[in-house]
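Here's the structure we're looking at; comments come further down.
Both counts, for ligands and for their atoms, begin at 1 and track the order of listing.
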Amino acid sequence: MDKKVIVPVEAVLTKCAELPVGFVPTPSAPYRTHRKAVELTQKPGRPRLKTAPGVPQRVPAATAGSRVLMWKQDPSVTEMGTRKAFLPGVILEGPRDARITFGQPGIAAVSPNTFGDFILSPNTDQFDAVHTFAVVRQTLTMYQRVLAAGDAAAPLPWAWNNGSNTQPLEVFPHGLPNVMNAYYSRTDRALKFGDFVPSGAEERMYTCRSFDIVSHETGHAVLDGLKPKWILSSAPPQTGGLHESFGDLTAIFLALSQLDQVEAVIAQTKADLHDKTFLADMAEQFGLALGRTNGLRNADNDLKLSEAGNEVHAISQVFTGAMYDILADIFTYERQPGMEDDAAVLHRVGGYLCSLLMRSLVAAPDMAATFADVANQMLRLAEQDGKPIEYRNFIRNRFTLREVVVSDVPLTDDVTPNVTLAPAVVDEPDAMQDRRACCGTMNHAQYFDLEDVLEAERQALARWCQGYKTRHDHTEPAASEELAVNK
Ligand SMILES: [Zn+2]
């Protein structure tokens, strides 16, 4: 009798009907026995790390990493649902890693299963912890890759990191109970997400369950690590607009970095990005809770700078809208359905535009950066990257139509090489930011220089006291003088 132990294939097949939500296929015991037997008897694998003279040794692929289950968009985008994702790198109970940690009192830390994975049931506290961690991790990884040098990912520090402080960003998925908002806090070194019951609704809405909201807030944290002066309310309105827009664009680029999401966009729009799509709609569930059918905001808009005034949220929409148009233009230009799958092209174009924007923001001034500064950096870098001139034409045309820059030649002509375009609509020299419609981050008191206001008041008090002392030679103020001062 043949001594080989071969488990019949029938015993290995998993019954696929009615799989539970969040099912991730994991090898069953019979299947592992079967694989082992096949490997040993019928199909021995290649020996690992075999060395031979003159042949470079193969480096084993890093095996660290975990599978997670997460929302693709948010619970309201039912046609998308959940996805399984693989997060490379070491992820420990929490979840946490070197850069991101989970710190939510009231939610037990999530332990990985025996395969090192974090697979939980949706609409539970622990799922929320994993989903939120996963989106923050994916966002940071996306930008680390953009700024990577050689084969090493860029460290991309948080705003508080330095040679002696490597503290991670702390994530609180349920950090703001009964608050209709979410924010990034530099002083708390944290992302906090609110949950609330929308008026007229029965179910509680959790902002942490939104892919868009979590990636938007993480975008603020990433940009704050690179340009710490941009988030302050004392910066010009356009600088604030860049911060807010970067949050929205982060959500778009992160979706475009995920192949299944890109395929869904192509199928939903028939490859026309100006058709209605979840990609341009931000925070759908949150928007619905506020009675808006296009999400909290819509990247596919036609706003111009002269229409936005000092309102940072509106200003941000001008930049986001221009970038979305440029994305659609480059995608249309690069499409060759007869040669390559549309989803593959959109994935690549999204990746390039993400990289171009990030590098342009890094190259822009550390203080008081304008939209024109970033647009000109995009033109310069696209030229330096050796991209077709059409790319720069799209960038120039869209930013010209949005009244960000003035073109030196008619828009029907090709862009001038090495050009730096003049700004069109600029902030008034003393313009103050109006952050009313912005997200929780931009409205957080810590970015409003309020300590400076208090300090100015303290200084004024000190000056008055000094003057009083001089006049009265250390005597206490008389009641009549106090009254006079109070008038
Ligand atoms: Zn924001």
- Below 2.8 Å, any N, O or S contact between H243 and the Zn ion (ligand 1)?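 Looking at H243, which is the residue asked about, there is no N, O or S atom under 2.8 Å from the Zn ion (ligand 1).
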- Task: Flag C438 as yes if one of its N/O/S atoms falls below 2.8 Å of the Zn ion (ligand 1), otherwise no.
- Result: no
- Query: Would you call E455-R458 a salt bridge at under 4.0 Å N-O?
  - Reply: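 A salt bridge links E455 with R458.
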- Message: If only side-chain N and O atoms count, and only distance matters, is there a donor-acceptor pair under 3.5 Å linking Q261 with Q73?
- Response: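 Result is yes, a qualifying pair exists.
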- Is there a donor in the side chain of T370 and an acceptor in the side chain of D373, or the other way round, less than 3.5 Å apart? yes
- Message: Looking only at N, O or S atoms, which one in H220 sits nearest to the Zn ion (ligand 1)?
- Response: NE2
- Name of the residue among E334, R396, E383 meeting side-chain hydrogen bond (donor to acceptor under 3.5 Å, both in side chains) with Y391: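 Testing Y391 for a side-chain hydrogen bond (donor to acceptor under 3.5 Å, both in side chains) against E334, R396, E383 leaves exactly one candidate, E334.
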- Message: Test of geometry: compute the angle OE1(E244)-the Zn ion (ligand 1)-NE2(H216) and round it to 10°.
- Response: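 That angle works out to 110° after rounding to 10°.
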